[in-house]
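To keep things clear, I will list the structure first and then write my remarks on it.
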Amino acid sequence: MSNFSDVKALLQHNQQLHDRTAMFYTDLAKQVVSERVKMFLSTLVKHECELSKELENYLSQAPDSILNTYFQFDHEKSVENLYQTPFTPSECSADDVEKIANRIDDYLCELYEEMIEAADTPRVQELFENLHQHMVEEKKRLSTDIYSMWDM
C-alpha cells in the first residue's frame, strides 16, 4: 500500500460507489421482465441512495480535523467485477439480484474494515468503525425489508 488519502476523499469515493450501485440497479431494472424482481431492484436503489445521502450529509457536517486527516490507504481498487452479471439481464431472478447485492454489500463492509485497520488516529478509526457498523445494520434492515416484500 503506497497511496495516501484523506478521509474526505475516501468518503467521497464510497459515496460514489453507492451512487454507481444505485445506477447499476436502475439500469438492470429497466431490462428485467419480472415485476417482482423490478420491485426488489427498486428497494435496492432506495437503499443505495439513502446510504449515499447519509455520506453526503456527513461530509457536509463533519469537522475538518477529521475530513482532512491523511493516512496510508489505497482505495483505487477496481470495482468492475462487482457489477458483472453472469446472466442475461432480462432473465434476471431474485436470487441473482440477491447474490449481486450481497457481493456489493460485502465489498463495502470489507472496505470499511480495511479503513479501520489503516487508520492510525482514534477519531478516524472510530468514524470508520461507526460506518462499518452502520453498513452491517443497513444490510440487516435491507434483508428484513426484502423478506417482508416476498411475503406480500
Side-chain angles (χ1 to χ4, degrees), residues 1-29 37-86 92-152:
M1 203 172 359
S2 61
N3 291 342
F4 284 84
S5 296
D6 64 5
V7 171
K8 183 176 184 177
L10 293 170
L11 294 178
Q12 288 171 331
H13 170 75
N14 291 359
Q15 181 186 11
Q16 291 168 355
L17 277 174
H18 288 298
D19 290 341
R20 181 174 179 189
T21 302
M23 288 300 298
F24 170 74
Y25 291 144
T26 299
D27 292 343
L28 188 56
V37 174
K38 285 182 184 193
M39 194 167 66
F40 185 13
L41 287 163
S42 175
T43 301
L44 290 171
V45 168
K46 289 177 191 168
H47 167 74
E48 293 299 329
C49 289
E50 287 171 9
L51 291 171
S52 175
K53 187 70 173 165
E54 289 170 6
L55 282 174
E56 181 182 328
N57 289 340
Y58 184 81
L59 282 163
S60 69
Q61 298 171 4
D64 286 341
S65 60
I66 291 177
L67 293 177
N68 295 331
T69 301
Y70 275 84
F71 63 101
Q72 193 171 359
F73 187 80
D74 184 6
H75 67 282
E76 295 301 325
K77 293 182 197 175
S78 174
V79 295
E80 295 307 313
N81 61 335
L82 290 176
Y83 303 103
Q84 292 180 358
T85 57
C92 178
S93 71
D95 287 341
D96 293 329
V97 173
E98 184 176 7
K99 286 176 188 171
I100 292 169
N102 283 329
R103 184 173 65 215
I104 292 170
D105 282 350
D106 289 347
Y107 172 82
L108 287 164
C109 283
E110 289 171 14
L111 188 62
Y112 282 123
E113 287 172 350
E114 290 174 15
M115 289 176 181
I116 292 166
E117 289 179 26
D120 51 5
T121 61
R123 290 179 70 192
V124 173
Q125 226 172 9
E126 182 181 346
L127 163 68
F128 291 131
E129 286 171 358
N130 290 339
L131 289 170
H132 176 259
Q133 187 59 39
H134 183 66
M135 279 298 302
V136 170
E137 293 301 317
E138 281 299 308
K139 192 172 178 178
K140 289 177 190 175
R141 185 181 66 80
L142 179 62
S143 293
T144 302
D145 290 350
I146 289 167
Y147 288 120
S148 298
M149 185 174 63
W150 294 147
D151 291 338
M152 294 176 13

Between D64 and K8, is there a salt bridge with N-O shorter than 4.0 Å? no
Between M115 and V124, is there a side-chain heavy-atom distance shorter than 4.5 Å? no
Shortest non-hydrogen contact between A94 and F40, atoms and distance: O-CE2, 3.3 Å
Calculate, to the nearest 0.5 Å, the distance between atoms NE2 and CG belonging to H13 and L111 respectively. 5.5 Å
Using every non-hydrogen atom in the two residues, find where R103 and L82 come nearest and quote the distance to one decimal. NH2-O, 2.8 Å
Non-neighbouring partners of E113 that pass salt bridge (Lys or Arg N to Asp or Glu O under 4.0 Å), sequence neighbours left out: none
Determine whether M135 and L51 make a side-chain contact, defined as any pair of heavy atoms from C-beta on separated by less than 4.5 Å. yes
Residues which pass ring-ring contact (aromatic ring centres under 6.0 Å, His included) with Y112, listed by chain and number, not counting sequence neighbours: none
Could you check whether any side-chain N or O of S42 sits under 3.5 Å from a backbone N or O of K38, counting only pairs where one atom can act as donor and the other as acceptor? no
Work out which heavy atom in C92 is nearest to a heavy atom in L28; give both atom names and the distance. SG-CD2, 4.2 Å
Nearest 0.5 angstrom please: Y107 OH to N81 CG, how far? 8.5 Å
I104 and Y25, any side-chain heavy atoms less than 4.5 Å apart: yes
Would you check if H134 and E54 make a side-chain contact, meaning some heavy-atom pair closer than 4.5 Å? yes
Just to verify, what does R20 make a salt bridge (Lys or Arg N to Asp or Glu O under 4.0 Å) with, not counting sequence neighbours? E80
Can you give me the closest heavy-atom contact between A22 and V45, atom names plus distance? O-CG2, 3.6 Å
Spacing of N130 atom CG and E137 atom CD [to the nearest 0.5 Å]: 11.5 Å
Min side-chain heavy-atom separation L131-Y58 under 4.5 Å: no
Going through the checks in order, is the side-chain contact (heavy atoms from CB on, under 4.5 Å) test met by T121 and Y70? CA-CA 10 Å; T121 61; Y70 275 84; over 6 Å; no
Q133 and E129: side chain to side chain donor-acceptor pair (under 3.5 Å), yes or no, with the steps? CA-CA 6 Å; Q133 187 59 39; E129 286 171 358; over 6 Å; no
Are any non-hydrogen side-chain atoms of R123 and S65 less than 4.5 angstrom apart? yes
Indicate yes or no: at least one non-hydrogen side-chain atom of D105 is less than 4.5 angstrom from one of H47. yes
One should read off an interatomic distance between D27 CG and M23 CE, to the nearest 0.5 angstrom, of 5.0 Å
Could you pull out all residues at least two apart from K53 that satisfy salt bridge (Lys or Arg N to Asp or Glu O under 4.0 Å)? E56
Which atom pair, heavy atoms only, marks the closest approach of S52 to Q15? OG-CG, 3.2 Å
Applying ring-ring contact (aromatic ring centres under 6.0 Å, His included), name anything that partners Y83, two or more places apart in sequence or on another chain. F24
Is there a donor-acceptor contact under 3.5 Å from the side chain of D96 to the main chain of S93? yes
Check the pair H18, L108 against side-chain contact (heavy atoms from CB on, under 4.5 Å), reporting the backbone distance first and the verdict last. CA-CA 9 Å; H18 288 298; L108 287 164; 3.4 Å; yes
Which atom pair, heavy atoms only, marks the closest approach of L59 to L67? O-CD1, 3.5 Å
Applying side chain to side chain contact (heavy atoms under 4.5 Å, CB included), can you list everything that pairs with A29, at least two apart in sequence or on another chain? L41
